[in-house]
Amino acid sequence: MNQFLGKVAVITGAASGMGRELANMAAGLGMKLVLADVQRKPLELAAEELLDGGAEVLAMVCDVRKGAHVQELADSAVARFGAVHLVFNNAGVGAGGLVWENTEEDWEWVLGVNLWGVIHGVRVFTRVMLDCAASDPSYRGWIVNTASMAGLLNAPALGVYNVSKSAVVALSETLYHDLKLVDAPIGTSVLCPYFIPTAIAHSHKHRPDELRTDAIITASQMAAQALTEKAVGSSKISAAQVARLTFDAIREERFYVFSHPQALGAVAERADALVHGREPADPYAAAPHLKQILKAGMKGRS
Ligand SMILES: NC(=O)c1ccc[n+]([C@@H]2O[C@H](COP(=O)([O-])OP(=O)(O)OC[C@H]3O[C@@H](n4cnc5c(N)ncnc54)[C@H](O)[C@@H]3O)[C@@H](O)[C@H]2O)c1
């Protein structure tokens, strides 16, 4: 897909990080924007900046955990712009720690945003796009789901996030096959960033009140937080670069999008261990300093 001018892009989690950069990129290509986020003020700011730059923008506060919100987003997008061509199911949050120490609320929140958000995005928007295709023989659409290298590696002390992102990879690969099965004029990609400097390490700040707990933060959760902050902060690939790579993949009609292809060795080792029935490979074999951060943080554990 390489025609973007005048087409409509929907971006969830558009107020910050990679979502914000995808919005910049889409605006630069002359696309109309539908921006969704749970944070009202940063969303309004993003919308203002893009409007000032000359883009047509519809910005909606939308909690992607909720199917009704995503449906309202789709209905509003069609009411305003008549069609939807690109959908970025990008909104996401993070939580870490030893997998047995995460609370029910941790699971509900992270799976709610990272997995259910993408489920709702796929469920609602694919149908909208198929309707668009039915009324326009020249229609071409593309759906990008944001997973993570975490969904391919299953690193320690990141269980909730790994589960959410592995499921997004599964959902995306299935979507790819299903769209092919029906010869839909809609393509799909799964974006698997490694560590990228965004606000993801601070996503707990906009965790909904009903899913906050007064559970004490464990040493493993603090260690995972320190690892995420360090790894995200020291990454040399920017969110803007990831947005560019993502649009390149759409143009070239590629399914897998990686920010750090050099990290794929660990994915190959995992797959090799799996097919040969060995123990799971160490996801941090090529990045031992990250494991050191975790180990050091765990030492204070009572
Ligand atoms: N930054 C990384 O290192 C990294 C690595 C791999 C994958 N990812 C994924 O990339 C995506 C974008 O994250 P980012 O790194 O740009 O982080 P970010 O925190 O800068 O942006 C995420 C955005 O999602 C929004 N959001 C959170 N919950 C929401 C909800 N319920 N409904 C709607 N919007 C919601 C946030 O308000 C925020 O604006 C996420 O899916 C994340 O898991 C990030």
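The figures here come from the full heavy-atom set of this structure, side chains too, leaving out hydrogens, waters and symmetry mates. Predicted model, so just to flag it, every value in this text is computed and none were measured. As the structure lists them, so they are numbered: ligands from 1, and atoms in each ligand from 1. Throughout, numbering of the chain's residues begins at 1 and tracks the sequence.
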K.L.:
Which option out of A46, C62, P42 puts a heavy atom nearest to atom 33 (C) of ligand 1?
P.N.:
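That would be C62.
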K.L.:
Quick check: are there more than 12 heavy atoms from other residues, nucleotides or ligands sitting under 6.0 Å from CZ of R127?
P.N.:
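Counting neighbours around CZ of R127, 12 or fewer heavy atoms of other residues, nucleotides or ligands fall under 6.0 Å, so no.
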K.L.:
Parallel under 30°, tilted from 30 to 60°, perpendicular over 60°: which one fits the rings of Y176 and F255?
P.N.:
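Taking F255 first and then Y176, their aromatic rings stand perpendicular (interplane angle over 60°).
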K.L.:
Between the side chains of T188 and W142, is a donor N or O closer than 3.5 angstrom to an acceptor N or O?
P.N.:
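The criterion, which ignores hydrogens and geometry beyond distance, is not satisfied for W142 and T188.
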K.L.:
Looking at D248 and R254, is any side-chain nitrogen of the basic one under 4.0 Å from a carboxylate oxygen of the acidic one?
P.N.:
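The answer is no: the pair does not qualify as a salt bridge.
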K.L.:
Are any of the N/O atoms on R65, whether in the backbone or the side chain, positioned under 3.5 angstrom from an N/O atom of ligand 1?
P.N.:
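Min N/O separation from ligand 1 is not below 3.5 Å for R65.
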K.L.:
Need the ligand 1 atom indices (1-based, order shown) with element for anything under 4.0 Å from a heavy-atom of F195.
P.N.:
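Counting from 1, the qualifying ligand atoms are 3 (O).
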K.L.:
Report yes if some N/O of M18 lies less than 3.5 Å from some N/O of ligand 1; otherwise report no.
P.N.:
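Yes - when backbone and side-chain N and O of M18 are compared with those of ligand 1, one distance drops under 3.5 Å.
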K.L.:
Nearest non-hydrogen contact with atom 34 (N) of ligand 1 belongs to which option: L35, T228, N89, V38?
P.N.:
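Comparing heavy atoms across L35, T228, N89, V38, the nearest one to atom 34 (N) of ligand 1 lies in V38.
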K.L.:
Tell me which part of Y161 gets within contact of ligand 1: side chain, backbone, both or neither, using heavy atoms under 4.0 Å.
P.N.:
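The answer is the side chain.
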K.L.:
Under a 4.0 angstrom heavy-atom cut-off, which atoms of ligand 1 come close to T146?
P.N.:
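In order of number, 9 (C), 10 (O), 11 (C), 41 (O).
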K.L.:
Which of the atoms of ligand 1 are close to G17, meaning less than 4.0 Å from one of its heavy atoms?
P.N.:
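Under 4.0 Å from G17, ligand 1 has these atoms: 16 (O), 20 (O).
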K.L.:
Pull out every atom of ligand 1 sitting under 4.0 Å from any heavy atom of T198, numbered as shown with elements.
P.N.:
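Close to T198: 1 (N), 14 (P), 15 (O), 16 (O), 17 (O), 20 (O).
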K.L.:
Counting heavy atoms only, which part of A91 comes closer than 4.0 Å to ligand 1: side chain, backbone, both or neither?
P.N.:
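Contact part for A91 vs ligand 1: both backbone and side chain.
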K.L.:
Considering both backbone and side-chain atoms of A199, is one of its nitrogen or oxygen atoms within less than 3.5 Å of a nitrogen or oxygen in ligand 1?
P.N.:
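So ligand 1 has an N or O lying under 3.5 Å from an N or O of A199.
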K.L.:
Any heavy atom of G112 closer to ligand 1 than 4.0 angstrom?
P.N.:
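No.
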K.L.:
Just jot down the ligand 1 atoms closer than 4.0 angstrom to any heavy atom of V93, in number order.
P.N.:
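Answer for ligand 1: 27 (C), 28 (N).
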K.L.:
Once you round to the nearest 0.5 Å, how far does CD1 of I143 lie from CG of L179?
P.N.:
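One gets 6.0 Å once the value is rounded to the nearest 0.5 Å.
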K.L.:
Considering only non-hydrogen protein atoms, determine which one is nearest to atom 13 (O) of ligand 1 and report residue, atom name and distance to 0.1 Å.
P.N.:
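The closest heavy atom on the protein side is I200 CD1, 4.1 Å.
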K.L.:
Under a 4.0 Å heavy-atom limit, does M149 contact ligand 1 with its side chain, its backbone, both, or neither?
P.N.:
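None of M149 does.
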K.L.:
Look at E253 together with K180 and state whether they make a salt bridge at an N to O cut-off of under 4.0 Å.
P.N.:
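No, this pair does not count.
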K.L.:
Taking atom OG1 of T198 and atom CE of M18, what is their separation to the nearest 0.5 Å?
P.N.:
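One finds 5.5 Å between OG1 of T198 and CE of M18.
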K.L.:
May I ask whether T12 places a heavy atom under 4.0 Å from ligand 1?
P.N.:
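Per 4.0 Å heavy-atom rule, T12 does not contact ligand 1.
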K.L.:
Is the closest N or O pair between N90 and ligand 1 shorter than 3.5 Å?
P.N.:
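Indeed, backbone or side chain, N90 has an N or O that close.
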K.L.:
Would you say Q225 and E229 are linked by a side-chain donor-acceptor pair, where the criterion is simply a distance under 3.5 Å?
P.N.:
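Per modelled atom types, E229 and Q225 side chains form a pair under 3.5 Å.
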K.L.:
Just need the protein heavy atom nearest to atom 5 (C) of ligand 1, so name the residue and atom and give the distance.
P.N.:
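Atom 5 (C) of ligand 1 sits closest to the protein heavy atom Y194 O, 2.8 Å.
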K.L.:
For atom 20 (O) of ligand 1, what's the nearest protein heavy-atom neighbour? Residue, atom name and distance, please.
P.N.:
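Minimum-distance protein heavy atom for atom 20 (O) of ligand 1 reads S16 OG, 2.5 Å.
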K.L.:
Identify the closest protein heavy atom to atom 22 (C) of ligand 1: which residue and atom is it, and at what distance?
P.N.:
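Going atom by atom, the protein heavy atom closest to atom 22 (C) of ligand 1 ends up being G92 O, 3.8 Å.
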K.L.:
Hey, do the aromatic rings of Y139 and H85 have their centres closer than 6.0 Å?
P.N.:
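Yes.
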K.L.:
Give the residue and atom name of whichever protein heavy atom lies nearest to atom 38 (C) of ligand 1, and the separation in Å to one decimal.
P.N.:
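I find the closest protein heavy atom is D37 OD2, 3.5 Å.
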K.L.:
Could you list the atoms of ligand 1 found under 4.0 angstrom from a heavy atom of V232?
P.N.:
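Atoms satisfying the 4.0 Å criterion: 3 (O).
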K.L.:
First locate atom CG of L111, then atom CG of D106, and finally report the distance between them rounded to the nearest 0.5 Å.
P.N.:
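Reported value, rounded in 0.5 Å steps: 10.0 Å.
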K.L.:
Tell me the protein heavy atom at minimum distance from atom 24 (O) of ligand 1, and give that distance in Å.
P.N.:
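Among all protein heavy atoms, the one nearest atom 24 (O) of ligand 1 is G13 CA, 3.4 Å.
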K.L.:
Regarding ligand 1, does N114 bring an N or O atom to under 3.5 Å of one of the ligand's N or O atoms?
P.N.:
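N/O-N/O distance under 3.5 Å: no.
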K.L.:
Any chance CG of L51 has more than 12 other-residue heavy atoms, nucleotides or ligands included, within less than 6.0 Å?
P.N.:
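Yes, CG of L51 has more than 12 neighbouring heavy atoms, counting only those of other groups under 6.0 Å.
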K.L.:
Considering non-hydrogen atoms only, spot the tightest contact between A147 and V168 and give its length.
P.N.:
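Heavy atoms only, the tightest pair is CB-CG1, 3.8 Å.
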K.L.:
I'd like to check which ligand 1 atoms, numbered from 1 as shown, lie under 4.0 Å from a non-hydrogen atom of Q39.
P.N.:
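Per the distance check, 36 (C), 37 (O), 38 (C), 39 (O).
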K.L.:
So which heavy atom on A95 is nearest to which on L158, and how close?
P.N.:
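A95 and L158 have their closest heavy atoms at O-CD1, 4.2 Å.
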K.L.:
Based purely on interatomic distance, does V64 place a nitrogen or oxygen under 3.5 Å from a nitrogen or oxygen of ligand 1?
P.N.:
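It does: an N or O of V64 is found under 3.5 Å from an N or O of ligand 1.
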K.L.:
With heavy atoms of H206 as the reference, note each atom of ligand 1 found under 4.0 Å away.
P.N.:
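The list of qualifying atoms is 27 (C), 36 (C), 37 (O).
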K.L.:
Scan side-chain atoms only and decide if T213 and E105 contain a donor-acceptor pair under the 3.5 Å cut-off.
P.N.:
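On atom types as modelled, these side chains do not qualify, holding no pair under 3.5 Å.
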K.L.:
About how many Å separate OG of S16 and CG of N90, when rounded to the nearest 0.5 Å?
P.N.:
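With rounding to 0.5 Å, CG (N90) is 9.0 Å from OG (S16).
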K.L.:
So, is I196 polar-close to ligand 1, with some N/O to N/O distance under 3.5 Å?
P.N.:
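Yes: some nitrogen or oxygen of I196 is under 3.5 Å from one in ligand 1.
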K.L.:
Has ligand 1 got any nitrogen or oxygen that is less than 3.5 angstrom from a nitrogen or oxygen of S148?
P.N.:
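No, S148 has no N/O under 3.5 Å of an N/O on ligand 1.
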K.L.:
Could you tell me whether E108 and R207 make a salt bridge, using a distance below 4.0 angstrom between a side-chain N and a carboxylate O?
P.N.:
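No, E108 and R207 are not salt-bridged.
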K.L.:
Counting only heavy atoms closer than 4.0 Å, does ligand 1 sit against the backbone of A147, its side chain, both, or neither?
P.N.:
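The answer is the backbone of A147.
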K.L.:
Does any N/O atom on D63 come nearer than 3.5 Å to any N/O atom on ligand 1?
P.N.:
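D63 vs ligand 1: N/O contact under 3.5 Å present.
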K.L.:
Minimum heavy-atom separation for V64 and H120, please, with both atom names.
P.N.:
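Taking V64 first and H120 second, the nearest heavy atoms are O-CD2, 3.2 Å.
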K.L.:
May I ask whether K165 has any heavy atom positioned less than 4.0 angstrom from an atom of ligand 1?
P.N.:
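It does, in that a heavy atom of K165 comes within the 4.0 Å cut-off of ligand 1.
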K.L.:
Is the ring pair F258/Y256 parallel, tilted or perpendicular, if the boundaries are 30 and 60 degrees?
P.N.:
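Geometry flag for Y256 against F258: parallel rings.
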